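Read through the structure below, which is laid out as structure tokens, and then see the notes.
Just so we're on the same page: letters track the sequence lines, and every chain starts at 1. All values reported here derive from a predicted model rather than from experimental measurement.
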Protein chains: 2
Amino acid sequence: MSARVNSALIRQINIARVFHALREHPESSQRDLGRLTGLDKATVSTVVAQLQDLRLVERSEQAKTRRVGRPETALTIPRSAGVLVGVRLEPTTIRVVTTTLTGEVLGHCQLPGSLDVKAALVTVRAVIDRELAEIGEGWASVRAIGVGVPGLMDRTGTLVLAPNLGWRDVPIRSTLEEMFDCPVAVDNDTKAAAIAERLFGLCRTVEDYVYVTGDSGVGGALVLGGRVYRGASGFAGEIGHTKVVPDGRLCGCGRRGCLETYVSEAAILRRLAEQGIDAADIHEVAELAVAGRPEVRALLEEVGRHLGFALSNIVNMLNPTLILLGGNLASVGAHIIPSLETALSEQALGPSAAGVRVRVSPLGEDAVPMGGIALALDCFLAPPRLSVPRG
Amino acid sequence: MSARVNSALIRQINIARVFHALREHPESSQRDLGRLTGLDKATVSTVVAQLQDLRLVERSEQAKTRRVGRPETALTIPRSAGVLVGVRLEPTTIRVVTTTLTGEVLGHCQLPGSLDVKAALVTVRAVIDRELAEIGEGWASVRAIGVGVPGLMDRTGTLVLAPNLGWRDVPIRSTLEEMFDCPVAVDNDTKAAAIAERLFGLCRTVEDYVYVTGDSGVGGALVLGGRVYRGASGFAGEIGHTKVVPDGRLCGCGRRGCLETYVSEAAILRRLAEQGIDAADIHEVAELAVAGRPEVRALLEEVGRHLGFALSNIVNMLNPTLILLGGNLASVGAHIIPSLETALSEQALGPSAAGVRVRVSPLGEDAVPMGGIALALDCFLAPPRLSVPRG
DNA sequence: CAAATTAGATAGACCATCGAACAAAAAACA
DNA sequence: TGTTTTTTGTTCGATGGTCTATCTAATTTG
């Protein structure tokens with residue numbers, strides 16, 4: 001019993017198409033948008049008119065002239081169209097990013113987090129208030145808010161389980177929506193970060209990729225056919241407990257040799273400590289590697305090898321275009337990619353592996369809040385999913 | 001530059017929806033179809049009228065009366081609506097199944113295959129001719145033909161590479177379409193079989209599952225969100241070369257310990273032969289197991305263990321609802337499932353593994369030709385994929 | 001036999017895309 | 001300098017969807 005398929009839906013889809021086309025190709029003319037979306041110029045004309053009514057699009061004053069004929073009038077998504085708010089909600093910190101509707105960052109702000117649900121959500125409000133004041137905007141110009149949370153979400157925006165926060169069955173979305181009187185979207189942090197890469201990062205033209213992140217554990221998200229794949233109950237992408245070493249190190253899950261015991265930030269720090277090397281966080285590890293400490297380099301090389309092994313099976317399985325290292329893995333990306341690629345090409349099978357590239361996320365620290373921005377964008381444009389049952 | 005989104009497309013989608021609803025719920029009334037598809041009864045009325053014009057739907061003579069009021073008139077997809085043809089094209093045999101438009105099997109037929117492209121395609125025609133004569137139908141009643149091929153297909157219906165056949169760059173679809181003057185769809189055999197399970201088998205209500213088959217090698221197909229997932233270049237689902245035993249048996253791919261060296265029919269027969277047990281094919285192996293031969297049982301238990309290990313990582317990764325054993329694995333399913341499930345529950349992580357079930361394909365021998373039927377159905381209903389770029 | 005009830009058909013409102021004709025604005029040209 | 005050419009963007013009408021509301025048909029109920 002999916003969404004009704006009628007003309008209103010068509011318009012919604014085409015509005016979203018045109019908007020995204022303009023977001024990706026600023027200063028486009030209606031003719032350009034027609035070419036980009038495959039729509040007739042007459043249709044583009046009415047869609048653009050509607051977007052203008054919504055104050056989402058403006059026409060440039062000066063016209064760009066091509067060779068001959070009436071010059072095109074460039075369209076823009078103006079600053080006055082409003083702002084989007086992206087939130088990363090974590091036990092230790094709550095971080096907010098504001099952007100224009102095109103995704104251009106306006107500012108950041110963060111405050112300490114809380115394990116108490118109520119306190120945390122109040123802090124969310126406080127951070128957003130502060131950030132809005134900073135950039136000189138009011139709540140009225142906020143079009144939508146997107147939140148990335150380290151936990152499992154269901155489809156209605158309820159957080160089912162978040163071990164790190166100690167939360168369970170929290171209706172985050174509806175609570176925040178009442179609090180702010182503004183559209184709110186909530187998703188898992190890693191999945192949100194993966195979507196951010198698709199909209200704003202390296203994957204703008206990539207439909208199939210694997211996003212890997214390693215903080216306390218090793219997380220992952222699969223973007224397949226341009227959308228995040230969630231699996232039957234939302235757990236898809238959990239690669240942390242792939243076995244990479246038979247009878248290897250003991251993992252928190254009770255088994256041995258899980259990827260997570262070798263590749264996460266926590267694991268890296270622990271193993272360095274065992275060798276008497278103290279590093280406070282992954283950035284210090286990266287600095288030590290850059291400085292040329294051989295033990296550190298060797299360890300990171302091993303990390304790359306293990307990760308490459310785990311990814312090789314995934315590559316065989318899913319045949320993605322790209323593997324993207326995000327979160328804390330991004331900081332040490334340069335030091336693990338060589339051995340990772342070697343392991344990958346040794347283990348993965350010809351055709352699937354041949355095309356796959358490995359890259360470091362360019363969004364870095366802000367991947368999750370930018371994922372919030374992506375969610376917000378989706379939610380206020382309300383782009384519907386449409387499919388035929390079966391087939 | 002995806003398909004144009006206009007009202008004709010809407011009608012196409014809704015026609016396909018109504019047709020599939022009726023296919024799954026025979027003898028439905030228009031009111032039922034409205035409930036099933038979410039469409040208004042007025043819309044259903046016009047859609048059904050159109051389906052009647054296409055001779056795809058007929059109204060039953062007798063009316064089913066509920067408690068009170070005008071009785072419903074049941075609708076059917078009549079036998080006279082035509083037939084579908086499903087083909088399995090293999091080096092050794094070419095097998096054809098004919099069905100009604102609802103997928104009810106009318107008959108089978110097969111002839112020896114050929115490694116020569118031209119000879120094979122001529123044989124396809126011969127088998128279909130013979131089968132049509134058998135069931136007393138003419139070419140005029142064939143609505144569409146679907147073919148499953150052991151090779152890699154591209155989107156246009158060209159076979160890119162088929163090692164077993166020794167073919168490369170064969171435009172199968174267009175060739176057959178010219179030959180038969182009838183819509184033809186072609187897909188990889190394993191992927192076709194997986195789709196058959198979705199339309200006619202165990203997965204009618206399952207959106208996310210993994211289909212595994214083991215003949216000469218170990219193949220697989222992923223059905224994610226109700227559609228076959230193909231990956232960036234069509235290789236998705238290849239699980240045969242997942243490493244399950246470190247420094248294990250040498251594989252044809254040059255590496256060691258690949259799943260394929262333990263789980264395929266060929267591997268099972270070879271390993272039994274090493275123990276001095278002769279079996280001509282997997283069915284004999286199954287018979288030996290049923291008879292209680294301990295070495296055979298032990299080997300199949302090991303097969304289940306290895307397969308379970310490989311699948312555990314996939315389950316963690318994709319969080320599917322179901323794992324389906326097809327092809328030759330189906331014959332020995334009963335003997336490998338226990339150890340497979342044990343391995344799975346030991347290796348896979350709690351939440352993802354908790355829900356997953358393992359089943360044997362009920363379609364058996366005919367899975368691939370029935371996949372052809374599924375392809376044919378899709379292709380003549382032409383259900384379009386529709387999505388918004390991004391998000 | 002009339003009233004109530006339900007299924008299905010039909011008409012009209014509404015809205016979508018799209019092709020074609022039209023208006024607008026610039027360069028090119030005589 | 002005017003006229004033509006060329007290209008962009010708007011508008012109108014055709015076509016064709018879905019949906020609401022109304023109407024007709026066929027049965028049970030009282």
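In this model, a side-chain donor or acceptor of B:R70 finds a partner on the base of C:dA7 within 3.5 Å.
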- request: Run the numbers on A:L101 and A:L84 for side-chain contact (heavy atoms from CB on, under 4.5 Å), then give the verdict.
  value: CA-CA 6 Å; A:L101 289 196; A:L84 297 170; 3.5 Å; yes

- request: Start with the C-alpha distance between A:H20 and A:L199, add both sets of side-chain angles, then the distance that settles side-chain contact (heavy atoms from CB on, under 4.5 Å), and finish with yes or no.
  value: CA-CA 9 Å; A:H20 273 120; A:L199 285 178; 4.2 Å; yes

Give me the distances for all protein-to-nucleotides 17-20 of chain C N/O pairs that come in under 3.5 Å?
residue : atom : partner : partner atom : Å
C:dT17  : OP1  : A:N14   : ND2          : 2.8
C:dT17  : OP2  : A:R11   : NH2          : 2.6
C:dC18  : OP1  : B:R4    : NE           : 3.4
C:dC18  : OP1  : B:R4    : NH1          : 3.4
C:dC18  : OP2  : A:D40   : N            : 3.3
C:dC18  : OP2  : A:T43   : OG1          : 3.4
C:dG19  : OP2  : A:D40   : OD2          : 2.9

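There is a side-chain donor-acceptor pair under 3.5 Å between A:T46 and A:R11.
What separates CZ of A:R31 from P of C:dA25 is a distance of 18 Å, to the nearest Å. The CD atom of B:Q50 sits 16 Å away from the C1' atom of C:dA9 (whole-angstrom rounding). One can place CD of B:Q30 at 18 Å from P of C:dT6, the figure rounded to the nearest angstrom. Atom CD1 of A:I15 and atom P of C:dC15 are 14 Å apart (whole Å).
A donor-acceptor pair is defined here as one N or O able to donate and one able to accept, closer than 3.5 Å; such a pair exists between the side chain of A:N319 and the backbone of B:S233.
A 4.5 Å side-chain heavy-atom check between B:L159 and B:V186 finds every atom pair outside the cut-off.
For the residue pair A:R198 and A:Y209, the shortest heavy atom distance occurs at CB-OH, 3.1 Å.
Of all nucleotides in DNA chain D, those with any atom nearer than 4.0 Å to a heavy atom of chain B start and finish, going 5' to 3', at D:dG17 to D:dT28.
The salt bridge (Lys or Arg N to Asp or Glu O under 4.0 Å) test applied to A:R79 returns A:E137, not counting sequence neighbours.
Aromatic ring pairs are classed by plane angle as parallel below 30°, tilted from 30° to 60° and perpendicular above 60°; the pair B:F180 and B:W139 is parallel.
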